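Please read the structure below before turning to the comments.
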Amino acid sequence: MSPEFQRAVTALIAAIPRGKVLTYGRVAELAGYPRHARHVGRLLGTAPQGALPWHRVVGACGRIARPGTESADWQRALLEAEGVTLQARGTVDLARHLWHPEAGQQVGRTPASA
DNA sequence: CAATTGACGCGGT
DNA sequence: TACCGCGCCAATT
């Protein structure tokens with residue numbers, strides 16, 4: 001995993017607005033590394049906790065990762081605290097809170113040659 | 001060097 | 001709707 005990947009992903013997640021969320025796959029894709037959804041998860045797992053709003057990253061269908069763990073419960077609490085409407089199953093309503101990054105806000109792979 | 005795992009994702013049964 | 005399997009890409013053992 002190149003440090004660039006980590007930089008792009010962490011920066012991207014850190015850029016997620018409050019009350020919005022992104023899916024692992026989306027983060028990887030926006031960071032410039034499609035199919036690297038798992039690596040995003042791995043990165044968050046290895047990344048220092050409290051360093052970035054990892055709670056704004058959810059599964060493909062708005063599902064919270066590792067259900068049953070304290071982390072999952074904590075994540076839900078954080079999301080609700082941000083005003084994120086959770087569906088009955090405890091999943092995030094992506095239709096309402098999926099972050100739609102605007103062009104120019106791309107954090108990963110900064111076009112230095114632009 | 002080969003096998004297994006992992007904060008994932010999608011399709012099939 | 002719930003459960004199972006396969007694909008992905010790197011890291012670890």
Side-chain angles (χ1 to χ4, degrees):
Chain A
M1 214 158 21
S2 64
E4 181 59 24
F5 171 79
Q6 300 179 38
R7 191 195 70 75
V9 172
T10 52
L12 182 62
I13 293 175
I16 302 176
R18 186 169 174 281
K20 290 288 184 176
V21 300
L22 277 182
T23 65
Y24 290 94
R26 203 67 69 180
V27 169
E29 188 174 291
L30 292 173
Y33 295 81
R35 310 315 185 299
H36 284 69
R38 314 187 76 152
H39 306 268
V40 175
R42 174 191 287 277
L43 185 58
L44 292 185
T46 58
Q49 309 195 347
L52 59 147
W54 60 271
H55 61 272
R56 296 192 187 135
V57 184
V58 298
C61 297
R63 293 195 310 276
I64 294 182
R66 289 305 296 179
T69 64
E70 295 180 54
S71 304
D73 189 59
W74 178 236
Q75 180 169 15
R76 274 206 292 209
L78 288 172
L79 290 173
E80 290 188 291
E82 295 188 350
V84 173
T85 49
L86 295 176
Q87 292 168 134
R89 297 180 185 73
T91 59
V92 176
D93 188 343
L94 296 181
R96 295 158 73 92
H97 301 287
L98 179 62
W99 183 39
H100 299 269
E102 302 173 37
Q105 290 197 29
Q106 183 172 351
V107 187
R109 291 261 176 105
T110 313
S113 57

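This one's a predicted model, so the numbers in the text were calculated from it and none came from an experiment. Order of the sequence lines fixes the chain letters, A, B, ..., with proteins taken first and strands second; residue numbering starts at 1 for each chain.
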From [X] [atom1] over to [Y] [atom2], what is the distance, rounded to the nearest 0.5 angstrom?
X	Y	atom1	atom2	value
R26(A)	I16(A)	CZ	CD1	12.0 Å
L98(A)	D93(A)	CG	CG	10.0 Å
R18(A)	L79(A)	CZ	CG	10.5 Å

> How would you list, by chain and number, every residue that makes a salt bridge (charged side-chain N to carboxylate O under 4.0 Å, His left out) with R63(A), sequence neighbours excluded?
Replying inline: none

> Of the residues in residues 67-91 of chain A, which ones touch DNA chain B at a heavy-atom distance under 4.0 Å?
Replying inline: none

> With rounding to whole Å, what would you report as the distance between dT4(B) and dG5(C) at their P atoms?
Replying inline: 16 Å

>> Between T10(A) and Q6(A), do the side chains contain a donor N or O and an acceptor N or O under 3.5 Å apart?
In response: no

> Would you say H97(A)'s side chain and A95(A)'s backbone share a donor-acceptor pair under 3.5 angstrom?
Replying inline: no

>> Between T23(A) and L94(A), is there a side-chain heavy-atom distance shorter than 4.5 Å?
In response: yes

> Would you say the side chain of T91(A) lies within less than 4.5 Å of the side chain of L86(A), judging by non-hydrogen atoms?
Replying inline: no

>> Protein within reach of the bases, or only the backbone? For nucleotides 8-13 of chain C, mark each nucleotide 5' to 3' as B, S or -, using heavy atoms under 4.0 Å.
In response: BBBS--

> Applying ring pair (Phe, Tyr, Trp, His ring centres under 6.0 Å), which residue pairs with at least one partner in residues 36-94 of chain A are found, sequence neighbours left out?
Replying inline: F5(A)-H36(A), Y33(A)-H36(A), H36(A)-H39(A)

> Could you give the CG-to-C1' distance, from L44(A) to dA7(B), as a whole number of Å?
Replying inline: 6 Å

Within the sub-3.5 Å range, which N or O atoms of nucleotides 9-13 of chain B have a protein N or O partner, and how far apart are they?
unit_1 : atom_1 : unit_2 : atom_2 : d
dG9(B) : OP1    : G25(A) : N      : 3.2
dG9(B) : OP1    : A60(A) : N      : 3.3
dG9(B) : OP2    : A60(A) : N      : 2.7

> How would you list all residue pairs meeting salt bridge (Lys or Arg N to Asp or Glu O under 4.0 Å) that involve residues 72-90 of chain A, not counting sequence neighbours?
Replying inline: R56(A)-E82(A)

